[in-house]
Amino acid sequence: MKVFELVKDFEYEVINGDLNREISTLVSDNRKLTKDCVFVCIEGANFDGHSVVNDAFKCNAAAVIVMKNVEVPKDIDTAVIKVKDTREALALASAAYFSYPTKEIKVIGVTGTKGKTTTTYLIKSILENAGYKVGLIGTIETIIGDEHVPSKNTTPESYVLQETFRKMADNGIEVCVMEASSQGFLMKRTLGTEFEIGIFTNLEPDHIGPNEHDSFENYMECKSMLFRQCKAGILNADDEHLEGILKGHTCEVFTYGMSENADYRASNVKLFEEKGVLGISFSVNGRINTDVAIDMPGKFSLYNALTAVSVCSYLGIKEDAIKSALKSAKVKGRIEMVPVSDDFTLMIDYAHNAMALESLLTTLKEYESGRLVCVFGCGGNRAKSRRFEMGEVSGRLADFTIITSDNPRFEEPLDIIADIVTGIEKTDGEYIKIPDRKEAIRYAIENGRKGDIIVLAGKGHEDYQEIKGVKYPMDERVLISEVLEELK
C-alpha cells in the first residue's frame, strides 16, 4: 500500500515529500517506529506524539501525519501530512490499512450507561444458537472464535479496533457485537466502522469529569454519534433522553420497551424463583409476538433481554432460537448465578460503586424471598467516598452485610474496611467483617438459610486480586468451588 491510498478518506495538506512511497506499517506509538512506517502524532493527556516527530524522520518513516506545525529538517524524504484532527485521521487510515473489514462483517454497536456488557453477550448467545459465527468486543474481553483476549478499553483504540475486525473477517466471523462507549466516540475510535445496527440501552449521568466528558450534554452527544453511523437504530423507548440521543440521526429507527408506542413491547412481566435461580418472564408484542424467560433477575434484565430479542428479531432469527438461547444465556460476572444449593441463591456481580450496588440490591429485594446477604469490599487508592456510599447502600438495603477485601492495591485492607463500616453504621444494617475474601465466601455459604439471596459484589469477571502492585490469581468461581469441596 502507498501513502496516498492510506490517506484518501480524509482532507489533508502535504507539507513535505510525496505520497507515492510504499509503507511498511501504520503506527501511533513512537516505540513502534520503523523504516517506511506512517507515524500518526496523537496528542494525549500525558504525552504528545508531535514531540517525537524527529524520531520518525531519523528512522526514515514514509510519512508523518500531524495537526500541529512541526520543523522539517532539510533533505528529508518523509512526507509530512497536516490534518485538522489526527485521531480522526488515525481511525480512517486504520480502516483503509486493514482494507475496510466492516464491509465484510455485520457490526452491531451497543451504547448506553448500563446494560451494554450483558446485552452484547445475550445477542451473541442468540445469534450463535441460530448458527451464526459471532465475535465480541467489550469491557470484559474480545472474542474471536476460541480466542479470548482480556480488554484494556471497552472500545479499543481505532488501529486495534480495525485490526480486530480484520482478524474476525479473516476467521469467518459473520457478526461482531461490540460495546460502543462514549469515550470511544469522543476519541474518534469508531470512525471508519460501518455499523449495521446501533443499540441504545439507557442514559444516566456517568463518566463526567477530568479526562472524560466535561458535561452531561457532551456525554449524550457522544452516545448519539452511533445513530449517525449505523444503518438501523434500535432504541429504548422508555428512556427520557431518547429524543436527545436521536438528534440528527441518519438511520432507520425502531424502539423497544414497555411503552405502547414501542415496536417491540414487553408485557405480562413475572418474576420467578426456582431451585436457587432467580429470573423474569414476559411477553413480547409488536414486530414479534412470543413469550420469553431469562434466568437473570429484575427489571434491568427484562430490558437487556428485550433489547436482544428486538435485535435478533430484526435480523430475522426465528422465535424458537431466540427463546432457547435466552433461557440458557450467562454473562460472566453480571448477575451470574452459581449453583450451590437448592435452598438459597448465590450470585456474582460486578457492582463496584454505590449506584450499581443500589440498583442490584433494590432489584433483588423485589423477590421477597429470605434474607438478602451482600458480600463486598472496595478498591484501594480510589475515592474514599465510594466506601462510605457503598457501606450505606448495603446497610440500608441488605439484611446482612459481610464486609471483606476487594483490590486493596497499596492500602491496608483493614483501613478500607473501616471506611466501609463508617458508611454502614449510618444505617441499622447488621454486618460482620471478614478481610479474607475466601473466608467471607465460606461464611456466607455455611450460614446460608432457605430462601436467602447471597450476592458477591464488586469483582464480577475479574480473576485477580491486586495487592501492593501485584495481581494475584483470584477467581470467585474457583473460591466457591474450593469452599464447597472443603465443606464436604
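All heavy atoms count here, side chains included; hydrogens, waters and symmetry mates do not.
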Query raised in the report: Looking at CZ of Phe200 and CG of Leu226, how far apart are the two atoms once the value is rounded to the nearest 0.5 Å?
Result: 11.0 Å

Query raised in the report: When you measure from the side chain of Thr113 to the backbone N and O of Glu204, does any donor-acceptor pair fall under 3.5 Å?
Result: yes

Side-chain polar contacts of residues 334-341 - donor-acceptor pairs under 3.5 angstrom, sequence neighbours left out - could you list them?
unit_1	atom_1	unit_2	atom_2	d
Arg334	NH1	His461	ND1	3.1
Glu336	OE1	Gly333	N	2.7
Glu336	OE1	Arg477	NE	3.2
Glu336	OE1	Arg477	NH2	2.8
Glu336	OE2	Arg477	NE	3.1
Ser341	OG	Asp343	N	2.9

Query raised in the report: Can you name the nearest heavy-atom pair linking Ile126 to Ala308, along with the distance?
Result: CD1-CB, 3.9 Å

**Report entry** Interatomic spacing from CZ in Phe227 to CD1 in Ile234 - rounded to 0.5 Å
**Finding:** 9.5 Å

Query - Heavy-atom closest contact (Ile105 atom, Cys176 atom, distance) - result: CD1-CB, 4.2 Å

Query - Side-chain (Glu147) to main-chain (Ile144) donor-acceptor, under 3.5 angstrom - result: no

Query raised in the report: Residues two or more places apart in sequence or in another chain: which of them pass side-chain hydrogen bond (donor to acceptor under 3.5 Å, both in side chains) with Glu141?
Result: Tyr121, His148

Query - Pairwise distance CG(Asn407) to CZ(Arg382) - rounded to 0.5 angstrom - result: 8.5 Å

Can you give each donor-acceptor pair under 3.5 Å made by side-chain atoms of residues 42-49, sequence neighbours left out, with the distance rounded to 0.1 Å?
unit_1	atom_1	unit_2	atom_2	d
Glu43	OE2	Lys68	NZ	3.3
Asp48	OD1	His50	N	3.0
Asp48	OD1	His50	ND1	2.8
Asp48	OD2	Lys68	NZ	2.6

Query raised in the report: Which residues pass the side-chain hydrogen bond (donor to acceptor under 3.5 Å, both in side chains) test with Lys323, sequence neighbours left out?
Result: none

Report task. Assign the ring pair His352 / Tyr350 to parallel, tilted or perpendicular, where the plane angle (0 to 90°) is split at 30° and 60°. Result -> tilted

Query raised in the report: Under the 3.5 angstrom rule, does the side chain of Lys116 hit a backbone N or O of Thr111 as a donor-acceptor pair?
Result: no

Query raised in the report: With sequence neighbours excluded, what pairs up with Lys471 under the side-chain contact (heavy atoms from CB on, under 4.5 Å) test?
Result: Tyr464, Glu466

**Report entry** Trace of the side-chain contact (heavy atoms from CB on, under 4.5 Å) decision for Val311 with Val110
**Finding:** CA-CA 11 Å; Val311 171; Val110 184; over 6 Å; no

Query raised in the report: Donor-acceptor pair, Ser151 side chain versus Gly138 backbone, under 3.5 Å?
Result: yes

Query raised in the report: Looking only at side chains, do Thr164 and Thr142 share a donor and an acceptor under 3.5 Å apart?
Result: no

Report task. With ring-ring contact (aromatic ring centres under 6.0 Å, His included) as the test, would you mind laying out the steps for Phe216 and His241 before giving the verdict? Result -> CA-CA 11 Å; Phe216 179 74; His241 301 291; 5.0 Å; yes

Query - Reported CG-to-CZ distance for the pair Leu456 and Arg437, which is rounded to 0.5 angstrom - result: 7.0 Å

Requested in this report: Any pair with a residue in residues 288-330 that passes ring-ring contact (aromatic ring centres under 6.0 Å, His included), sequence neighbours left out, goes on the list, sorted by first then second residue, please.
Outcome: Phe254-Tyr314

Query raised in the report: For Glu368, does the CD atom have more than 12 heavy-atom neighbours from other residues, nucleotides or ligands under 6.0 Å away?
Result: no

Query raised in the report: Of all heavy-atom pairs between Gln229 and Thr190, which one has the smallest distance, and what is that distance?
Result: NE2-O, 2.6 Å

**Report entry** Test: Glu358 and Arg396 ion pair at under 4.0 Å
**Finding:** yes

Query raised in the report: Between Asn202 and Lys114, is there a donor-acceptor pair closer than 3.5 Å when you use the side chain of the first and the backbone of the second?
Result: yes

Query raised in the report: Closest approach of Thr427 and Glu392, non-hydrogen atoms and distance?
Result: CG2-O, 3.5 Å

Query - Derivation of the salt bridge (charged side-chain N to carboxylate O under 4.0 Å, His left out) call for Lys231 and Glu196 - result: CA-CA 5 Å; Lys231 295 175 185 175; Glu196 184 74 17; 3.3 Å; yes

Requested in this report: Might you confirm whether atom CZ of Phe4 has over 12 heavy atoms from other residues, nucleotides or ligands at distances under 6.0 Å?
Outcome: yes

Requested in this report: Test Tyr256 against every option in Asn236, Thr307, Thr201 by the side-chain hydrogen bond (donor to acceptor under 3.5 Å, both in side chains) rule and name the one that passes.
Outcome: Thr307

Requested in this report: Examine the side chains of Ser181 and Thr155 and answer whether a donor and an acceptor come within less than 3.5 Å of each other.
Outcome: yes

Query - Which atom of Met168 lies closest to which atom of Ile137, heavy atoms considered - result: CE-CG1, 3.8 Å

**Report entry** Glu221/Arg228 ion pair, N-O < 4.0 Å
**Finding:** yes

Report summary line: Across all chains, not counting sequence neighbours, the side-chain contact (heavy atoms from CB on, under 4.5 Å) partners of Lys384 are Arg387, Phe388, Asp419

Requested in this report: Using the test salt bridge (charged side-chain N to carboxylate O under 4.0 Å, His left out), find all partners of Glu462 that sit at least two apart in sequence or belong to another chain.
Outcome: Lys459

Query - Electrostatic pair Lys103-Glu194, nearest N-O below 4.0 angstrom - result: yes

Requested in this report: Could you tell me which residues satisfy side-chain hydrogen bond (donor to acceptor under 3.5 Å, both in side chains) with Lys84, sequence neighbours excluded, listed by chain and number?
Outcome: none

**Report entry** Listed partners of Thr154 passing side-chain hydrogen bond (donor to acceptor under 3.5 Å, both in side chains), at least two apart
**Finding:** Thr139

Query raised in the report: Is Tyr132 reaching over with its side chain to a backbone N or O of Lys124, donor-acceptor style, under 3.5 angstrom?
Result: no

Query raised in the report: OG1 of Thr345 to CD1 of Ile453: how many Å apart, nearest 0.5 Å?
Result: 5.5 Å

Report task. Take Arg371 and Asp452 through the salt bridge (charged side-chain N to carboxylate O under 4.0 Å, His left out) test and state the conclusion after the steps. Result -> CA-CA 5 Å; Arg371 299 178 306 163; Asp452 278 358; 2.8 Å; yes

Query raised in the report: Under a 4.0 Å N-O cut-off, is there an ion pair linking Arg166 with Glu104?
Result: yes

Requested in this report: State whether the side chain of Gln465 and the backbone N or O of Pro473 hold a donor-acceptor pair below 3.5 Å, judged by distance alone.
Outcome: no

If you look only at distance, which donor and acceptor atoms sit under 3.5 Å apart when one is on a side chain in residues 88-97 and the other is two or more places apart or in another chain?
unit_1	atom_1	unit_2	atom_2	d
Ser94	OG	Leu90	O	2.6

Query raised in the report: Roughly how far apart are Met347 CE and Leu364 CG, rounded to 0.5 Å?
Result: 4.5 Å

Requested in this report: Just jot down the salt bridge (charged side-chain N to carboxylate O under 4.0 Å, His left out) partners of Asp85, sequence neighbours excluded, or say none.
Outcome: Lys188

Requested in this report: Scan Gln162, Gln183, Glu157 and name whichever one has a side-chain hydrogen bond (donor to acceptor under 3.5 Å, both in side chains) with Arg189.
Outcome: Glu157

Query raised in the report: So, Asp9 versus Tyr100: side-chain donor-acceptor pair below 3.5 Å or not?
Result: yes

Report summary line: In terms of heavy-atom contacts, Ala266 and Phe282 come closest through CB-CD1, 3.9 Å

